[in-house]
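For reference, the structure is listed below as structure tokens.
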Amino acid sequence: MSEHYTLHVNGVERAVQDAWVGENLLYVLRERLGLMAAKGACEQGECGSCSVLVGGNLVCSCLVLAASAVGEPIVTVEGLAPPGAPSDVQQAFVDCGAVQCGFCTPGLIIAAHDLLDRTPEPTEMQIREELSGNVCRCTGYGRIIEAVQQVAVARRTADAGAAS
Amino acid sequence: MTVLVPTSLDEAIAGLAANGGATLLAGGTDLMVEVNEGHRHFPWPDDGATIIALHRVPELATWTYDVPAATVVLGAGVTWATIEQPPLRDLVPALAEAARTVGSPQIRNAGTVGGNLATCSPAGDGLPVLAALDADVTLLSAGGRRTMPVRDFMLGVKRTALQPGELIESITVPVLQGWQGYSKVGVRNAMVIATASACVATDVPSRSIRIALGSVAPTVVRCPVAEQFAVERVDWDALTVDAGDAVEFGRLAAAASRPIDDHRSSAEYRRHAVAVMAQRLLQRAFPGGER
Amino acid sequence: MSAVDTGTRTRDVLGASALRPDGIAKVQGTFQFSSDLGGDGVLWGATLRSPHPHARIIRIDVSPAWKIAGVESVITADDVPGQMTYGLIDQDQPVFASDVVRFVGEPIAAVAADHPETCRRALAAIVVEYEVLEPVLDPEAVVAGTAPAIHPNGNVLRHQRILHGDPSVTGDIVVEATYDIGMQDQAFLGLEAALAIPDPGGGGVELHIATQWLHEDRKQIADCLGMAPEQVRLVLAGVGGAFGAREDISLQVHTCLLALRLGRPVRMHYSRAESFLGHVHRHPATIWMRHHATAAGEIVKVEARFVFDGGAYASTSSAVLLNAITHTQGPYRCPNAVVDGWAVRTNHLPCGAMRGFGVVQACFAHESQLDKLAEACGLDPVEIRVRNVMHTGDRMITGQVMQNVAPIERCLRETAALPFPDEPVGGHDGDVMRLPGGAGRTADVGHVYRGIGYAAAMKNLMYSEGFDDYSTARCRLADGVVTLKFATAEVGQGFVTLAPQIARDVLGVDEVVLDRIDTGVGSAGSSSASRQTWMSGGAVNAACIAVRDRLFEHVAARHGVEAASLRIDGIEIVDESGALRLSVADASAGVEFDETREYHHPPTEDLDENGQGNCHTAFAFVAHRAVVDVDPDLGLVKVVQVATAQDVGRVLNPLSVVGQVEGGIAQGLGLAVMEEIVQIDGRIRNASFTDYLLPTMLDMPPVVMSFVEEPEPLAPLGAKGVGEPPTISSTPAIVAAIRDALRQAGREPRLDRVPVRPIDIIGVHERPRT
């Protein structure tokens with residue numbers, strides 16, 4: 001366990017010391033940097049619970065070799081909004097009943113933010129396709145789709161208000 | 001340091017030359033699954049092996065459209081997310097259709113066309129398309145460059161012609177003039193490994209029809225008998241095909257498959273599925289005929 | 001969603017869509033799941049498992065593991081200080097196998113080390129020598145008595161008959177078939193994880209654990225540790241879903257043993273592959289049913305035979321079988337019945353609780369039968385069901401009289417009246433994702449047929465057969481603030497949302513604090529069997545009422561009024577005359593009332609040898625309609641819409657009920673078309689999310705729903721549990737819709753197994769019947 005490297009996480013340089021080379025980014029974020037929001041549920045990129053942004057791209061952190069993620073900005077759910085001051089997407093998930101056990105939720109939150117940043121007014125089918133890599137076992141997805149749609153409408157209304 | 005993250009192709013090649021047994025890491029969507037499952041052990045606790053991560057090599061992450069040659073040259077590190085979208089979607093639509101079926105959006109943001117080739121899984125989604133389009137793969141090492149047809153590069157289940165010290169530099173994909181499409185059967189409507197897949201590509205000026213099948217043999221299968229049959233039966237002026245000929249095309253394609261039974265499906269279903277997909281793809285390519 | 005108004009909230013009392021108190025923490029990633037617990041110096045634990053379905057252990061040599069740097073402990077059966085076996089009903093499962101292994105994945109040893117990779121290498125270093133034995137894999141061989149015993153307790157976990165009415169009765173119309181149900185996994189996302197912290201001196205242990213029932217876990221753990229229950233304290237760590245898979249213990253004893261052995265905290269996390277081996281699953285089952293009916297379609301008798309494969313250990317197999325056979329009739333009148341049920345031990349993965357608990361299997365069979373009956377009688381699927389619905393006061397095949405509200409006809413009629421999808425096959429936008437095969441572009445619109453199917457279900461609520469699964473709650477009121485304490489496992493279902501709603505309703509307060517969920521209060525029973533709203537809701541309600549009574553006495557004494565004249569009005573206390581009106585906050589200033597109550601449901605009884613007895617506590621009902629698009633040539637399915645009307649008694653939180661309904665249907669859809677653990681020669685072949693497929697957002701359709709609200713007089717809050725019914729009849733409704741689509745395509749579909757595979761739809765590879 002002799003890897004030393006620096007990751008750029010949520011705008012902060014974070015040193016990783018004495019790591020094992022085979023550690024994935026999810027493990028390093030959680031166990032070495034104390035960022036527990038991203039969750040591990042499949043270790044194969046088949047559930048999306050560990051989603052983070054690396055270099056601006058939504059990826060499964062369990063499939064990123066941590067030591068290879070040097071030099072690129074990494075954003076986790078902790079970097080989206082400060083504790084107690086949820087983002088619009090986060091608040092909408094709570095308000096719409098999109099959260100039950102909550103294990104898939106951080107991954108969905110970051111995926112939904114990414115979707116709405118790229119596609120501000122997604123159709124229902126776009127939401128379904130873009131979030132199809134995030135498996136939820138509790139909700140049946142209906143309230144999650146509702147939450148994303150609610151944010152899209154609220155942002156459009158806010159933009160219209162700002163423009164007038 | 002055992003993880004190299006080169007930021008240029010020269011640096012990557014130099015690193016590879018200096019570490020003959022290095023493990024190449026592209027998008028990580030195959031390799032990291034093996035690491036996480038403990039199937040691939042890195043040295044522990046001492047160092048010694050080298051991993052060369054290729055995702056920050058700009059030459060590998062770009063693509064070019066060579067108009068005179070009518071080819072698209074894809075850097076090995078071009079992701080499925082890029083291939084899925086215009087302008088690549090308009091140049092190689094079948095590859096874009098295959099790209100849209102690869103894993104999840106997260107996987108498509110990381111996974112690369114070069115990685116797909118290097119892993120050479122029987123179920124690799126891009127592989128039937130590359131085979132149908134007669135794509136070439138260019139391999140690079142400190143000793144030089146060599147190019148071979150993708151079909152020759154794929155040797156068996158997770159076996160390729162890639163030699164130690166070599167990396168996949170690019171894949172050259174001909175831009176055809178004619179309909180092309182990809183079809184894939186899985187038991188879920190997203191994020192699923194192919195039970196069986198097929199690509200049909202046509203080039204009208206050269207009156208060429210190609211079909212390649214995935215997940216029905218150790219590597220991708222081209223079906224020359226079916227291709228020849230279709231070339232002869234298609235009405236090239238009207239761009240139509242008779243329904244009965246399409247069915248026969250499917251039957252001939254399925255006859256070229258060599259599927260197995262496994263926990264995902266049966267050989268019988270796979271053979272059936274490629275017949276149906278081949279038939280439907282041909283009818284999409286030549287839609288005017290009676291159904 | 002339609003016909004359901006989640007409403008606007010003024011106060012978060014009963015009936016309001018109160019929001020989850022843990023919601024913000026969950027969306028921000030600060031909520032602590034069991035796998036988030038750790039810290040510096042906490043060792044990792046890991047488990048060595050059997051690679052064989054059946055083998056004798058000749059020798060275990062753990063010494064190579066000890067030689068690996070970073071390994072702190074290696075334990076085997078020799079290190080179990082207390083009872084060597086555990087189990088929910090029968091204690092027949094070894095903590096560690098020492099002489100024989102009975103399934104692939106059975107624990108043999110555990111290690112603790114400084115890093116997960118060290119653990120992995122330590123496990124690989126342990127040498128176990130086996131004499132491989134022939135596995136028993138055919139449940140029918142066990143029933144026939146031809147399989148050798150693979151456990152000292154024998155291979156028959158339960159055999160139970162039901163004989164009711166006149167077995168010689170026959171009908172004008174007789175339909176029969178044999179149905180198969182595959183093994184489903186609960187597949188919660190939050191993998192098994194625990195943190196064990198030993199007491200200084202080793203006199204006890206504190207276990208932070210994601211479970212469904214803290215007190216039952218504690219009992220089993222204490223027995224195996226050789227400790228008194230009080231020495232073992234359990235704290236509910238954040239639970240990432242449960243669905244039955246956390247009813248049995250898994251890593252609890254192992255983690256505690258390692259921590260106690262080392263005198264250091266130890267945490268253990270399962271991987272996904274290990275999770276498939278480490279918890280029980282839904283029983284695979286083979287069910288034969290024969291229904292007799294009059295020419296008009298009135299059911300006169302049902303005959304059935306159930307064979308449930310319980311796998312290697314008993315778990316709750318006997319209770320699951322009871323549920324299955326006692327629900328043979330479904331939500332329909334049936335005067336005569338002859339039923340034979342077996343739950344047997346094999347060398348497959350152990351099976352036990354999963355949402356629906358035996359009724360899922362029975363329902364797939366009886367609903368498929370009802371459709372056959374409809375066809376034979378020339379009735380439509382809704383009409384055949386309505387013609388047979390059970391009513392309050394009807395006698396069931398166990399002889400038990402239906403005591404509950406039973407609005408089954410309303411469920412069916414309201415389901416049928418819900419709007420159909422307005423999109424044609426392929427949709428208006430032509431998005432390929434709307435077609436079967438999705439992104440795979442396998443079908444064009446012309447290849448696809450749309451079908452509609454109906455199903456209905458009855459589900460028992462709470463535990464059965466004499467089990468007193470009571471629940472305890474403590475309520476404390478001081479200075480206008482209520483603090484609630486209970487051991488009810490919050491697994492995502494939302495009891496932490498509901499409990500404060502009850503307190504606000506009963507006590508007229510707004511601020512409700514939830515104390516930590518742990519074993520520091522009496523048992524709440526399990527978060528299963530759709531029971532916590534009724535049971536723990538009943539306990540919280542009772543504790544709050546007890547506090548309210550004391551508050552009223554206090555106010556009465558102070559203000560010179562009769563306590564009996566007082567009531568809560570919003571956040572105030574008023575008396576009958578209207579002369580007195582004061583806020584609860586003021587009334588409770590400077591005083592404290594603290595009451596603990598248990599809620600018990602009426603007693604139930606065992607079945608006799610003929611399957612007669614008042615074995616169940618209560619029942620709920622539901623109907624589903626599915627609309628599916630099917631590609632008959634490739635055998636691919638896209639579920640387009642599910643409609644449902646559910647008997648809920650009374651809606652206490654509309655948003656929570658919607659979540660249970662939609663989530664339950666997603667699991668029913670999974671069983672219908674994709675979810676199955678595949679075992680070949682006793683070995684699981686798809687222990688990963690790559691190959692065990694869960695419905696994604698592209699597989700789960702919109703749900704339209706209607707709540708049938710007829711308050712249940714026997715329920716403390718008028719509400720029935722809502723968790724299980726959505727999972728139960730959604731599966732047969734989807735399969736019925738697939739059959740309907742195939743008939744329109746000119747096929748003769750049988751589809752007598754779930755999940756329905758592509759090969760079943762295209763009609764190749766059909767299982768030979770004997």
Side-chain angles (χ1 to χ4, degrees), chain B residues 33 35-39 41-42 44-45 84 93-94 96-104 108 123 125 181-199 247 250 261-277 279-281 283-284 287 291, chain C residues 68-70 115-118 120-121 123-124 271-273 432-444 446-447 631 633-639 670 673-676 678-680 683-686 688-700 755-759 762 764-765:
Chain B
V33 172
V35 173
N36 292 343
E37 287 175 352
H39 294 158
H41 278 199
F42 293 122
W44 169 276
E84 190 184 351
E97 288 179 7
R100 195 177 173 191
T101 75
V102 174
S104 63
R108 302 200 282 277
D125 285 310
Y182 176 78
S183 221
K184 159 179 164 179
V185 169
V187 184
R188 188 160 66 178
N189 287 302
M191 199 162 55
V192 69
I193 291 184
T195 298
S197 64
C199 175
V247 170
D261 289 320
D262 65 14
H263 60 273
R264 291 185 188 132
S265 191
S266 65
E268 188 181 5
Y269 176 77
R270 289 187 161 105
R271 203 174 285 114
H272 171 85
V274 292
V276 173
M277 285 190 287
Q279 173 200 334
R280 290 179 179 178
L281 285 167
Q283 288 184 310
R284 283 182 202 163
R291 291 282 171 103
Chain C
I68 294 173
H115 191 282
E117 182 64 15
T118 316
R120 189 140 64 192
R121 284 159 203 249
L123 296 181
S271 69
R272 180 56 60 185
V432 66
M433 289 299 187
R434 293 184 186 277
L435 290 168
R441 292 179 180 274
T442 46
D444 299 316
H447 300 129
D631 176 349
D633 290 326
L634 283 174
L636 300 180
V637 174
K638 171 90 176 172
V639 182
V673 295
M674 64 180 78
E675 288 184 39
E676 182 174 19
V678 178
Q679 292 176 98
I680 300 173
R683 290 179 166 78
I684 184 168
R685 299 304 169 102
N686 58 342
S688 75
F689 278 179
T690 301
D691 280 315
Y692 185 89
L693 300 179
L694 302 171
T696 71
M697 216 177 265
L698 280 167
D699 300 288
M700 179 64 195
V756 174
R757 301 161 299 187
I759 50 174
I762 67 173
V764 299
H765 195 83

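Since the model is a prediction, treat every value here as computed from it, not as a measurement. Naming convention: chains lettered A, B, ... in sequence-line order (proteins, then strands); numbering from 1 in each chain.
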Go through [options] and name the one with the most non-hydrogen pairs under 4.5 angstrom from chain B.
{"options": "C:V673, C:T690, C:D633, C:L636", "result": "C:D633"}
{"options": "C:V637, C:L694, C:D699, C:V678", "result": "C:D699"}
{"options": "C:S688, C:G635, C:P116, C:A443", "result": "C:A443"}

Using heavy-atom distances under 4.5 Å, tell me whether [X] contacts chain B through its side chain, its backbone, both, or neither.
{"X": "C:L634", "answer": "both"}
{"X": "C:P436", "answer": "backbone"}
{"X": "C:S271", "answer": "neither"}
{"X": "C:V432", "answer": "side chain"}

- Task: Could you please spell out the steps behind the side chain to side chain contact (heavy atoms under 4.5 Å, CB included) verdict for C:R683 and B:H263?
- Result: CA-CA 11 Å; C:R683 290 179 166 78; B:H263 60 273; over 6 Å; no
- Atom group of B:D262 that falls short of 4.5 Å from chain C, counting heavy atoms: neither
- What part of B:V192 lies closer than 4.5 angstrom to a heavy atom of chain C: side chain, backbone, both or neither? side chain
- State, yes or no, whether a side-chain contact exists between C:I759 and B:S266 at a heavy-atom distance under 4.5 Å. yes
- Message: Could you tell me if the side chain of C:T696 sits less than 4.5 Å from the side chain of B:R188, heavy atoms only?
- Response: yes
- Query: Partners of C:D691 by salt bridge (charged side-chain N to carboxylate O under 4.0 Å, His left out), sequence neighbours excluded?
  - Reply: B:R264
- Message: For B:R280, run the side chain to side chain donor-acceptor pair (under 3.5 Å) check against C:T442, C:D444, C:D631 and tell me which one passes.
- Response: C:D631
- Note on the structure: Rounded to the nearest 0.5 angstrom, the CZ-CE distance for C:R441 and B:M277 is 14.0 Å
- Note: C:K638 and B:N189 closest approach over all heavy atoms is CD-ND2, 3.7 Å
- Message: If we define contacts as heavy-atom pairs under 4.5 Å, which of B:L281, B:D125, B:V276 has the most with chain C?
- Response: B:V276
